[in-house]
Number of protein chains: 2
Amino acid sequence: MANPYNTVHTHKPTPHANGASCLDRLFVKQPVEHLASGQSLFFEGDDAKHVFQVVEGTLRVFRIISGGRRVITGFLDAGDIVGVSLRGRYLYSAEAITPSVVKRLARRQFDAAVASDEGLRPVIFARVCDEMAAAQDQMVLLSSKSAEERLCTFLVKYLRRNTVPGCTIIELPMTRLDIADYLGLTIETVSRTVTKLANKGILGFENPGLRHTIRIERPGMLAQLTGDGDDHEDLPGDLLALREPRRH
Amino acid sequence: MANPYNTVHTHKPTPHANGASCLDRLFVKQPVEHLASGQSLFFEGDDAKHVFQVVEGTLRVFRIISGGRRVITGFLDAGDIVGVSLRGRYLYSAEAITPSVVKRLARRQFDAAVASDEGLRPVIFARVCDEMAAAQDQMVLLSSKSAEERLCTFLVKYLRRNTVPGCTIIELPMTRLDIADYLGLTIETVSRTVTKLANKGILGFENPGLRHTIRIERPGMLAQLTGDGDDHEDLPGDLLALREPRRH
DNA sequence: CGTTTACTTGAATTTCCTCAAGGACGGTGG
DNA sequence: CCACCGTCCTTGAGGAAATTCAAGTAAACG
């Protein structure tokens with residue numbers, strides 16, 4: 001039951017620097033609630049009576065589909081808001097990966113605040129846009145990236161989002177199974193791909209045997225392997241056509 | 001260059017019945033613009049200066065990723081709005097599949113209307129929520145459905161969305177390649193899967209050789225093959241655990 | 001009527017999954 | 001302190017699904 005990986009997140013910057021204080025105003029008076037590892041915040045299909053703000057910890061957002069398979073559509077970290085862009089019922093379940101702290105606000109109050117507060121609307125809107133953009137990126141990842149590209153994309157985004165720039169230590173709060181369900185792979189494939197990247201010298205482990213803490217040895221190489229073509233966008237046109245062909 | 005499949009959409013119901021008139025008010029005074037097949041409405045990365053309403057026709061919304069691969073994230077039909085949930089720049093390109101008619105509204109005007117019109121906000125919000133829900137469904141499809149399940153899901157949704165209830169004729173405006181890029185498959189796999197469904201007697205072709213017009217012979221069977229478990233959601237709990245295992 | 005585009009079909013290959021086993025760590029209880 | 005257990009992770013062998021490569025057919029267009 002107890003999660004053996006109740007990692008402490010050092011290196012974590014304040015996410016969502018813009019407008020965060022504006023959002024915090026909404027939740028500042030709400031009491032904090034504590035969630036143990038594995039504890040559910042809400043279930044898919046529940047009446048969407050509340051909007052939540054994550055104060056601390058990491059949660060997974062997922063759906064269970066017919067064969068009992070789980071699809072994780074995202075992870076939530078400190079500063080994230082969940083429950084905004086839906087009507088009536090939650091489209092997914094949310095549960096704590098690490099011991100977490102959240103605040104809640106009744107949807108009625110939330111809607112009222114958004115309706116009355118001119119300054120709040122653009123902040124909320126920006127969040128919804130980010131969510132939409134993330135969903136688009138995920139669709140691209142799932143429809144056309146290889147296992148290695150998926151994992152590299154995940155690590156690069158995690159590095160950017162959850163550590164200070166320049167930091168190359170990633171302390172993953174989620175299990176390999178979480179990552180697999182997020183990337184549309186199996187746990188074995190995730191494991192093998194991590195090993196492969198380690199063998200290539202792109203990443204390593206802080207503590208042999210403790211494979212949740214990853215050190216990125218070659219961040220540039222990792223970025224190249226995401227398949228996003230972030231690199232060399234300034235190539236001359238005739239070279240662009242000669243890019244490596246992409247399997248599917 | 002010219003699209004040989006400038007199909008006429010018979011059987012098409014009015015989509016988005018709720019609040020459509022409310023949205024139409026925004027665009028009613030705007031002049032119509034015509035797009036030929038294959039013509040672009042805007043490109044990924046363009047300044048998002050306008051919001052568009054599709055009046056007639058079908059468009060594809062897509063991104064080009066590094067290896068030259070194209071990922072279609074959605075199709076737009078009459079009544080759809082595009083360009084709402086983004087900031088600054090379009091996240092994707094949009095181009096006409098069939099000859100299409102659209103109206104445009106400057107973002108400034110759009111934003112002003114949303115800010116001032118209390119009644120408009122929930123309608124817009126509902127659209128964004130639908131978009132988000134569709135993105136979630138697509139992530140589920142891409143991360144854990146087989147080729148057959150993907151195609152069946154596509155056909156069922158298309159049937160529900162673009163024909164009157166009970167109608168079993170689907171006139172697909174998009175090519176097999178469009179479908180492949182939407183479902184995260186290759187054109188060959190789509191083709192093979194269509195053939196397989198035809199051999200099973202689940203669907204047939206109105207005109208031999210003209211394979212864009214599909215007749216669904218067994219709608220119930222098609223729905224079962226989507227892998228959504230829409231069926232038997234009322235099973236007793238102990239049976240739920242015994243559902244057929246799902247490959248991945 | 002020839003060319004182009006869209007689609008289909010087959011064979012070989014590849015990637016990832018499935019199944020199976022084993023190892024490492026943390027917690028528990030003797 | 002140590003043996004035991006459960007969970008998480010890794011690794012290997014074999015298999016299945018979808019991709020790639022390669023023709024080949026059919027309809028649409030000029």
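Since this is a predicted model, take the numbers as computed values, not measurements.
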Round to the nearest Å and state the distance from [X] atom [atom1] to [N] atom [atom2].
X        : N      : atom1 : atom2 : result
A:Lys145 : D:dA18 : NZ    : P     : 22 Å
B:Phe205 : C:dA6  : CZ    : P     : 17 Å
B:Asn199 : C:dT8  : CG    : P     : 12 Å
A:Glu148 : C:dC16 : CD    : P     : 9 Å
B:Asn207 : D:dA27 : CG    : C1'   : 11 Å
A:Leu183 : C:dC16 : CG    : P     : 12 Å
B:Met174 : C:dT5  : CE    : C1'   : 18 Å
A:Lys196 : C:dT14 : NZ    : C1'   : 12 Å

Minimum heavy-atom separation for [X] and [Y], please, with both atom names.
X        : Y        : value
B:Tyr158 : B:Pro173 : OH-CD, 2.9 Å
A:Asp77  : A:Asp80  : N-OD2, 2.6 Å
B:Leu197 : B:Leu151 : CD1-CD2, 3.8 Å
B:Ser100 : B:Gly57  : OG-CA, 3.6 Å

Passing candidate, side chain to side chain donor-acceptor pair (under 3.5 Å) with B:Arg60, options B:Thr175, B:Asp178, B:Thr73, B:Asp181: B:Asp178
Could you tell me whether the phosphate oxygens of [N], OP1 or OP2, come under 4.0 Å of any side-chain nitrogen or oxygen in [X]?
X        : N      : result
B:Thr175 : C:dA6  : no
A:Arg211 : D:dC8  : no
B:Ser191 : C:dC7  : no
B:Thr195 : C:dT9  : yes
B:Thr189 : D:dT19 : yes
A:His212 : C:dC25 : no

Using the test side-chain contact (heavy atoms from CB on, under 4.5 Å), find all partners of A:Arg218 that sit at least two apart in sequence or belong to another chain. A:Met221
What pairs with A:Phe43 under side-chain contact (heavy atoms from CB on, under 4.5 Å), at least two apart in sequence or on another chain? A:Ser40, A:Asp46, A:Ser93
Can you list everything that forms a ring-ring contact (aromatic ring centres under 6.0 Å, His included) with A:Tyr90? Sequence neighbours excluded, please. A:Phe42
Those residues at least two apart in sequence (or on a different chain) that pass ring-ring contact (aromatic ring centres under 6.0 Å, His included) with B:Phe75 are B:Tyr182
Rounding to 0.5 Å, atoms CD1 (B:Ile170) and CD1 (B:Ile216) come to a distance of 4.0 Å
Axis deviation across the helix from C:dC1-D:dG30 to C:dG30-D:dC1, five-pair ends, to the nearest 10°: 30°
Taking the side chain of B:Ile187 as heavy atoms from C-beta outward, which of C:dT8, D:dA28, C:dT18 is closest to it? C:dT8
Candidate nucleotides C:dC16, C:dC25, D:dA18, ranked by approach to the side chain of A:Leu210 - the nearest: C:dC25
Hey, what are the protein-to-nucleotides 12-14 of chain D N/O distances that come in under 3.5 Å?
residue	atom	partner	partner atom	Å
D:dG12	N7	A:Arg192	NH1	2.8
D:dG12	O6	A:Arg192	NH2	3.3

